[in-house]
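Read the numbers this way: they start at 1 and go in the same order the structure lists the ligands and their atoms.
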Amino acid sequence: MGEHLEAAQGRMERAAELIGLDDEIVAHLQHPIETLAVSVGLRRDDGSTVPLKAWRCRYNSSLGPTKGGIRFHQSVHLDEVETLAFLMTMKCALMGLPFGGGKGGVEVDAHDLSTMEKERLARGYVRAMAKILGPDRDVPAPDVATGEREMAWMVSEYSEIAGSIQPHAFTGKPVALGGMAGRTPATGRGGHIALEAMRDLAGLDEDGGLTIALQGFGNVGRWFAKAAANAGHSIVAVADSSGTITNADGIDIESLAEVKAQEGKVTAFEDCEASDEPADILGTQCDVLVLAALGGVIADADDARQLNCKAIVEIANRPILPAADKALADAGIEVVPDILANGGGVTVSHAEWVQGRQGIDWDEEDVADYLEDRMGDAADNVREVMQECDTDMRTAAYAVALRRLCAAISAHGTRADFGKS
Ligand code: NAD
């Protein structure tokens, strides 16, 4: 087992022990049911061919078809893909969705690829993985450096291979191909819903605006910021890969979004103090630090000690590594964990999958209501376990997920191969 997966499982084991789950059942969650590792040959525009390492992991399918994004990134590796698929398993269970967890990745720097090369890679990935994909088996979605366009190419390739139109084989597609209006803002908006639902438990005043520092101003961070600013909170600092900007009086998010769209970087925004150091965001004095960029940004106790916030919302996947957990707890910093805070994305992906099966379009208001209800139910369930077991938010979230997973695993009975179907 890889070191990241092993570390991530420590959190699960703590929750399992707390609620007294049967070791034999929990053991089903210690390894993925299948991981396909392939080499995808990419034909470059100059006619040369380069082999790229690629993976797709189906971690556990006891609750339903596996679900999770595909990322194109130069640092992707097998351990990361399996760890993220494990987290998706926990997240789908916590959100009460009929999905297991999956994840995929290609080791490539997407910035180095032309549009045609990206299309050939997206289609090549699907051809290589087709045997484990499918609307009732494994349903991918976008992730880092993949978006609607890549999902459009992938669903088109998959339908070609299947010999029939399969819109529900992928989510995060453009609306023109059966995508869901409201999918792109869903993760950021869901992060804001989670913050509001948990603010009392996170030690924040129940009324009035909060000061927020935000790391990441991409798909997720931008929509979180808009929702939080509309609700009356003050975004006092924002970082992206270009650096950190700060304004104690609050940053105008609509204007910042326009500048970021035009210039590609938040540091081009005027009326703020700017530094070219992205990591400066972490020490910002604020009520809430929102992590919406990368994994592993708070990796250990030393990183945790630099923080100047009362609570953290993890909208990125695994931005806080287990080695930092104790130092954060000692400092009294409560964390709204990733499997709750970013569960809005997969929730609206579920609506998109249902829409594809039904052949009837949902309207944006129904999607927003569905997101609000699912996030609210998940937050209520976490709150109950926190009180029942006198534990922190992350351990409670894992406990809710584990109860659902273990009920399904034991209901499958003695059929040891249930996971592979
Ligand atoms: P994105 O690529 O659109 O945006 C990432 C942002 O992070 C960009 O603004 C980038 O400049 C910034 N960034 C990169 N390096 C940075 C650094 N060192 N310091 C500060 N900022 C930095 O990606 P996204 O879709 O917004 O996803 C962000 C995170 O949320 C990822 O961890 C992703 O796995 C997770 N997530 C996304 C979704 C979704 O629906 N898109 C769902 C669940 C989880």
Of the protein's non-hydrogen atoms, which lies at the shortest distance from atom 29 (C) of ligand 1, and what is that distance?
-> Ala293 O, 3.4 Å
Give the residue and atom name of whichever protein heavy atom lies nearest to atom 30 (O) of ligand 1, and the separation in Å to one decimal.
-> Ala316 CA, 3.5 Å
How does Ala186 reach ligand 1, by side chain, by backbone, by both or by neither, if only non-hydrogen atoms under 4.0 Å count?
-> neither
Can you list the steps and then say if Thr395 with Asp392 is a side-chain hydrogen bond (donor to acceptor under 3.5 Å, both in side chains)?
-> CA-CA 6 Å; Thr395 306; Asp392 62 280; 2.7 Å; yes
May I ask you to list the atoms of ligand 1 that are less than 4.0 angstrom from any heavy atom of Ala292?
-> 28 (C)
Closest non-hydrogen protein atom to atom 19 (N) of ligand 1, residue and atom name please, with distance?
-> Pro278 CB, 3.3 Å
Identify the protein heavy atom lying closest to atom 4 (O) of ligand 1, giving its residue, its atom name and the separation to 0.1 Å.
-> Gly218 CA, 3.3 Å
Is any side-chain heavy atom of Thr184 less than 4.5 Å from a side-chain heavy atom of Arg189?
-> no
Check: of Asp240, Leu282, Asn317, min heavy-atom distance to atom 21 (N) of ligand 1 comes from Asp240
Using a strict cut-off of 4.0 Å, indicate which atoms of ligand 1 neighbour a heavy atom of Arg71.
-> 34 (O)
N/O to N/O below 3.5 Å, does that happen between Val144 and ligand 1?
-> no
Which atoms of ligand 1 are found less than 4.0 Å from any heavy atom of Lys260?
-> 9 (O), 11 (O)
Judged by modelled atom types alone, do Trp362 and Gln355 share a side-chain donor-acceptor pair under 3.5 Å?
-> no
I would like to know whether Arg14 and Glu17 meet salt bridge (charged side-chain N to carboxylate O under 4.0 Å, His left out); could you show each step before the answer?
-> CA-CA 5 Å; Arg14 215 167 29 252; Glu17 203 179 312; over 6 Å; no
Distance under 6.0 Å and angle within 45° of ring axis: Arg357 vs Trp353 = yes
Which one of Met88, Glu82, Met90 satisfies the side-chain contact (heavy atoms from CB on, under 4.5 Å) criterion with Phe86?
-> Met90
Measure the shortest side-chain to side-chain distance between Leu405 and Leu29 over non-hydrogen atoms and say whether it is less than 4.5 angstrom.
-> yes
Per-residue contact class, Ile315 against ligand 1 - non-hydrogen pairs under 4.0 Å | backbone
Do Glu160 and Gln166 have side-chain N/O donor and acceptor atoms under 3.5 Å apart?
-> no
When rounded to the nearest 0.5 Å, the distance separating CZ of Phe224 from CG of Leu291 is 10.5 Å
N or O contact, Ser241 vs ligand 1, cut-off under 3.5 Å = yes
CD of Glu258 to CZ of Phe269, rounded to nearest 0.5 Å, is 9.5 Å
Would you say ligand 1 has an N or O under 3.5 Å from any N or O of Gly295?
-> no
Calculate, to the nearest 0.5 Å, the distance between atoms CZ and CD1 belonging to Arg56 and Ile70 respectively.
-> 5.0 Å
Contact atoms of ligand 1, heavy-atom distance to Asp143 under 4.0 Å = 34 (O)
Numbered atoms of ligand 1 (with element) below 4.0 Å of Asn219, judged on heavy atoms = 3 (O), 25 (O), 26 (O)
Which bit of Thr187 gets closer than 4.0 Å to ligand 1, counting heavy atoms only: side chain, backbone, both or neither?
-> side chain
Within the structure, does at least one protein heavy atom fall under 4.0 Å of atom 2 (O) of ligand 1?
-> no
To the nearest 0.1 Å, how far is atom 16 (C) of ligand 1 from its closest protein heavy atom, and which atom is that?
-> Leu294 CD1, 3.8 Å
How many angstroms lie between atom CZ of Arg120 and atom CG of Asp45, to the nearest 0.5 angstrom?
-> 5.0 Å
Got Val40 and Leu121 here, is their nearest side-chain heavy-atom distance under 4.5 Å?
-> yes
Ligand 1 atoms in contact with Phe217 (distance to a heavy atom under 4.0 Å) | 6 (C), 9 (O)
Considering the heavy atoms of Val220, write down every atom of ligand 1 situated less than 4.0 Å from one of them.
-> 24 (P), 25 (O), 26 (O), 27 (O), 30 (O), 37 (C), 38 (C), 39 (C), 41 (N)
Under-4.0 Å heavy-atom contact between protein and atom 23 (O) of ligand 1 | no
Record the part of Arg183 in heavy-atom contact with ligand 1 below 4.0 Å; permitted values are side chain, backbone, both and neither.
-> side chain
